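Okay, so here's the structure we're looking at.
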Amino acid sequence: QPSTPYTNRNISQVISPVLIITLPNKNNIIKAIPIEPTSPAKHFALPFGRKLNTQNTNDAKEIFSIPNICLMGSSVVSGRATGVVIDTGFTTYLGRMSKEVETKKEPTNFEKGMNNITKMLIRYMLVVSVAVFVIYGFIRKDWLEAILFALSVAVGITPSMLPMIVNVNLTRGTKVLAKKKTLVKNINSIQNLGAIDVLCTDKTGTLTEDKIVLQKYIDVNGNEDTSILEYAYLNSYFGTGMKNLVDRAIIIYGNEKNVKEIVNDYTKIDEIPFDYTRKRMSVVVKSNKNGGYRMFTKGALEEILKVCTKVKYNGHVNELTPEMVEIVEQKAKEYAVQGMQVIAIASKREYRGVNVFNVSDEANMTFIGFVAFLDPAKKDAKATLKKLKSIGITTKILTGDNPYAANNICNLVGLENTETLLGTDIDKMSDEELCAEANKWELSHGGISGRTAQQFINYLLGSREVAE
């Protein structure tokens with residue numbers, strides 16, 4: 001079993017020659033992925049006409065990019081699968097992180113300072129006590145009395161009240177912080193809080209509201225189109241199961257724009273739920289006015305483009321040529337650069353029936369447009385970061401989001417970020433390079449994992465006098 005961190009090893013050394021097979025899906029296709037990196041992609045014949053698809057994982061740059069690895073602690077949203085366990089307990093990726101967190105921490109600057117003061121007072125007490133003993137003994141010629149007097153001096157010098165005074169002041173500090181809605185788990189951290197010169201913080205939920213809001217509903221030309229909002233609303237409203245963040249944002253925004261009334265014009269007929277393989281969700285509705293069927297599909301841009309053959313452009317339905325695909329992708333990139341999450345919308349009017357409707361019907365669709373979302377920055381984030389900068393504290397953003405979103409939030413909260421250091425870049429760096437980069441990059445570090453963030457902070461602590 002692997003005994004060294006995945007980030008420092010070749011991916012092919014981690015993977016065993018095993019096979020993960022998923023159970024039959026709606027199309028009666030069994031998907032299988034060989035974990036052996038040297039195995040070429042093949043198609044195998046299976047009973048009952050089923051297909052077994054394989055995929056080479058040799059191109060994976062990091063463990064999170066391997067499509068057939070399931071990390072301990074992951075949540076299974078839907079479906080079933082059979083796999084081979086290659087690591088358990090503390091030898092897993094998550095287990096190794098947990099083990100590192102539980103290791104004994106290095107003394108903080110406050111603890112080091114208290115230890116130094118204590119050692120200095122002890123040395124001072126020993127020197128003074130010995131000097132008093134010798135001088136008193138020679139003058140009075142009574143060595144027993146000299147010993148007693150030296151001991152009394154030693155006791156008087158010892159700061160017996162120092163621990164209590166320190167704890168009382170720190171306890172008072174916890175009460176002050178509690179009034180500011182801050183809980184203190186380790187009382188010694190109060191002094192460290194006042195000694196920091198670098199603040200490493202997450203983005204989502206810290207600088208932002210952690211609640212995405214629908215910002216745009218536009219066509220390929222970039223113009224707002226209410227029909228796109230209506231299509232997205234019908235898709236999210238009629239979808240069964242728990243509503244995700246995107247669905248909730250669409251429904252909330254639609255209710256504010258009085259789009260909810262359109263639901264009365266349609267009746268839900270069928271649907272294909274979202275899954276992380278297709279990365280899209282489809283809903284079929286029937287018009288209560290003319291009895292016509294409409295199928296609305298929303299999902300990741302690249303997955304929606306795969307099932308589209310036409311595009312609505314300049315008010316007309318045209319063929320989805322490579323040139324049109326480039327126009328669509330460029331328009332989506334414009335909003336992605338602004339830190340928005342872009343979801344594509346497609347539609348078609350054909351519907352084969354309840355008993356035969358399946359994933360294969362997600363084809364020959366017409367690309368309609370986009371809906372774009374943004375996780376807004378907190379109102380007081382900019383003022384807080386400005387105040388931190390004024391007192392000499394540098395802020396570094398450690399986030400798992402894409403660089404576009406990280407840079408956009410940095411700009412919104414007043415952090416003039418010019419460079420972004422990716423987690424994959426950190427993994428490739430030597431110890432010396434990372435130690436230098438830890439101080440060079442002042443603001444945003446996009447797309448990093450928890451382990452990489454800890455590695456970055458460790459080198460930051462090693463290269464600067466920073467309070468932990």
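All of these numbers come straight from a predicted model, not from anything done at the bench.
- Once rounded to the nearest 0.5 Å, the distance linking SG of Cys308 with NZ of Lys348 reads 10.0 Å.
- Judged by distance alone, with hydrogens and angles left aside, the side-chain atoms of Glu326 form no donor-acceptor pair with the main-chain N or O of Pro322 at under 3.5 Å.
- A donor-acceptor pair under 3.5 Å is absent between the side-chain atoms of Thr182 and the main chain of Ala178, judged by distance alone.
- When side chains are defined from C-beta on, Val311 does not count as touching Val317, because their heavy atoms never get closer than 4.5 Å.
- No side-chain donor-acceptor contact under 3.5 Å links Asn264 and Asn288.
- Judged by distance alone, the side chain of Asn358 and the main-chain N or O of Ser360 form a donor-acceptor pair under 3.5 Å.
- Checked against Leu207 for a side-chain contact (heavy atoms from CB on, under 4.5 Å), the options Thr395, Asp202, Leu385 give a single hit: Leu385.
- In terms of modelled atom types and a separation under 3.5 Å, the side chain of Asn221 and the main chain of Asn223 share no donor-acceptor contact.
- Within a 6.0 Å sphere centred on NZ of Lys243, heavy atoms belonging to other residues, nucleotides or ligands number more than 12.
- Within the 4.5 Å cutoff, the side chain of Lys257 has heavy atoms near those of the Leu229 side chain.
- No more than 12 heavy-atom neighbours from other residues, nucleotides or ligands sit within 6.0 angstrom of NZ on Lys310.
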> How far apart are the C-alpha atoms of Phe370 and Phe367, what are their side-chain angles, what is the distance that settles it, and do they pass the ring pair (Phe, Tyr, Trp, His ring centres under 6.0 Å) test?
Replying inline: CA-CA 9 Å; Phe370 317 92; Phe367 190 94; 5.4 Å; yes
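- In this model, no donor atom of one side chain and acceptor atom of the other lie less than 3.5 Å apart for Thr321 and Glu319.
- Within a 6.0 Å sphere centred on NZ of Lys268, other residues, nucleotides and ligands contribute more than 12 heavy atoms.
- Gly173 and Ile190 get closest at one heavy-atom pair: C-CD1, 3.9 Å.
- Figure legend: Arg294 and Tyr231 shown as a cation-pi pair, the cationic atom lying under 6.0 angstrom from the six-membered ring centre and within 45 degrees of its axis.
- Looking only at side-chain heavy atoms (C-beta outward), Leu388 and Lys386 stay at 4.5 Å or farther from each other.
- Between Ile393 and Val198, the closest side-chain pair of non-hydrogen atoms is not below 4.5 Å.
- Counting heavy-atom neighbours within 6.0 Å of Arg172 CZ, excluding the residue itself, gives a total of 12 or less.
- Between Ala381 and Val413, the closest heavy-atom pair is CB-CG1, 3.9 Å.
- Residues Ile228 and Ile218 fail the side-chain proximity criterion, which asks for heavy atoms closer than 4.5 Å.
- Within the model, atoms CD1 of Ile343 and CD1 of Ile345 stand 8.0 Å from one another, a figure rounded to the nearest 0.5 Å.
- Atoms OG1 and CG, on Thr174 and Asn186 in that order, are 11.5 Å from each other to the nearest 0.5 Å.
- Taking the side chain as every heavy atom from C-beta outward, Lys216 and Val342 never approach each other to under 4.5 Å.
- Rounded to the nearest 0.5 Å, atoms OG1 (Thr394) and CG (Leu199) are 9.5 Å apart.
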>> Using ring pair (Phe, Tyr, Trp, His ring centres under 6.0 Å), reason through Tyr351 and Phe357 one step at a time and then give a plain yes or no.
In response: CA-CA 7 Å; Tyr351 176 62; Phe357 181 69; 5.3 Å; yes
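- Atom NZ of Lys333 sits about 12.5 Å away from atom CG of Leu301, to the nearest 0.5 Å.
- Side-chain atoms of Arg280 and Ile304, non-hydrogen and from C-beta on, do get closer than 4.5 Å to each other.
- Electrostatic pairing of Asp247 and Lys298 counts as a salt bridge here, judged by a charged N lying under 4.0 Å from a carboxylate O.
- Salt-bridge formation is not detected for the pair Lys378/Glu209: no Lys NZ or Arg NE/NH1/NH2 atom is positioned less than 4.0 Å from an Asp or Glu carboxylate oxygen.
- Glu362 and Val307 make their closest contact through O-CG1, 3.0 Å (heavy atoms, listed as atom of the first residue, atom of the second, distance).
- With 3.5 Å as the limit, one finds no donor-acceptor pair spanning the side chains of Glu271 and Ser282.
- Shown here is Asn355, whose CG atom has no more than 12 heavy atoms of other residues, nucleotides or ligands within 6.0 Å.
- Proximity of a side-chain donor or acceptor of Asp375 to a complementary backbone N or O of Lys211 within less than 3.5 Å is detected.
- Ion pairing of Arg278 with Glu303 is absent here, as no side-chain N (NZ or NE/NH1/NH2) approaches a carboxylate O to less than 4.0 Å.
- You'll find the side chain of Val213 stays beyond 4.5 Å of the side chain of Phe373, heavy atoms only.
- One distance of note links OH of Tyr293 with CD of Glu350; it measures 13.0 Å at 0.5 Å rounding.
- For the residue pair Ser236 and Ile250, the shortest heavy atom distance occurs at OG-CD1, 3.4 Å.
- Considering all non-hydrogen atoms of both residues, Arg352 and Asp361 come closest at NE-OD1, 2.8 Å.
- Between Tyr237 and Tyr233, the ring planes are parallel. Angles under 30° get that label, and only those over 60° would be called perpendicular.
- Taking the charged nitrogens against the carboxylate oxygens, Asp219 and Lys312 have no contact shorter than 4.0 Å, which rules out a salt bridge.
- Around the CG atom of Leu183, the shell of radius 6.0 Å holds no more than 12 heavy atoms that belong to other residues, nucleotides or ligands.
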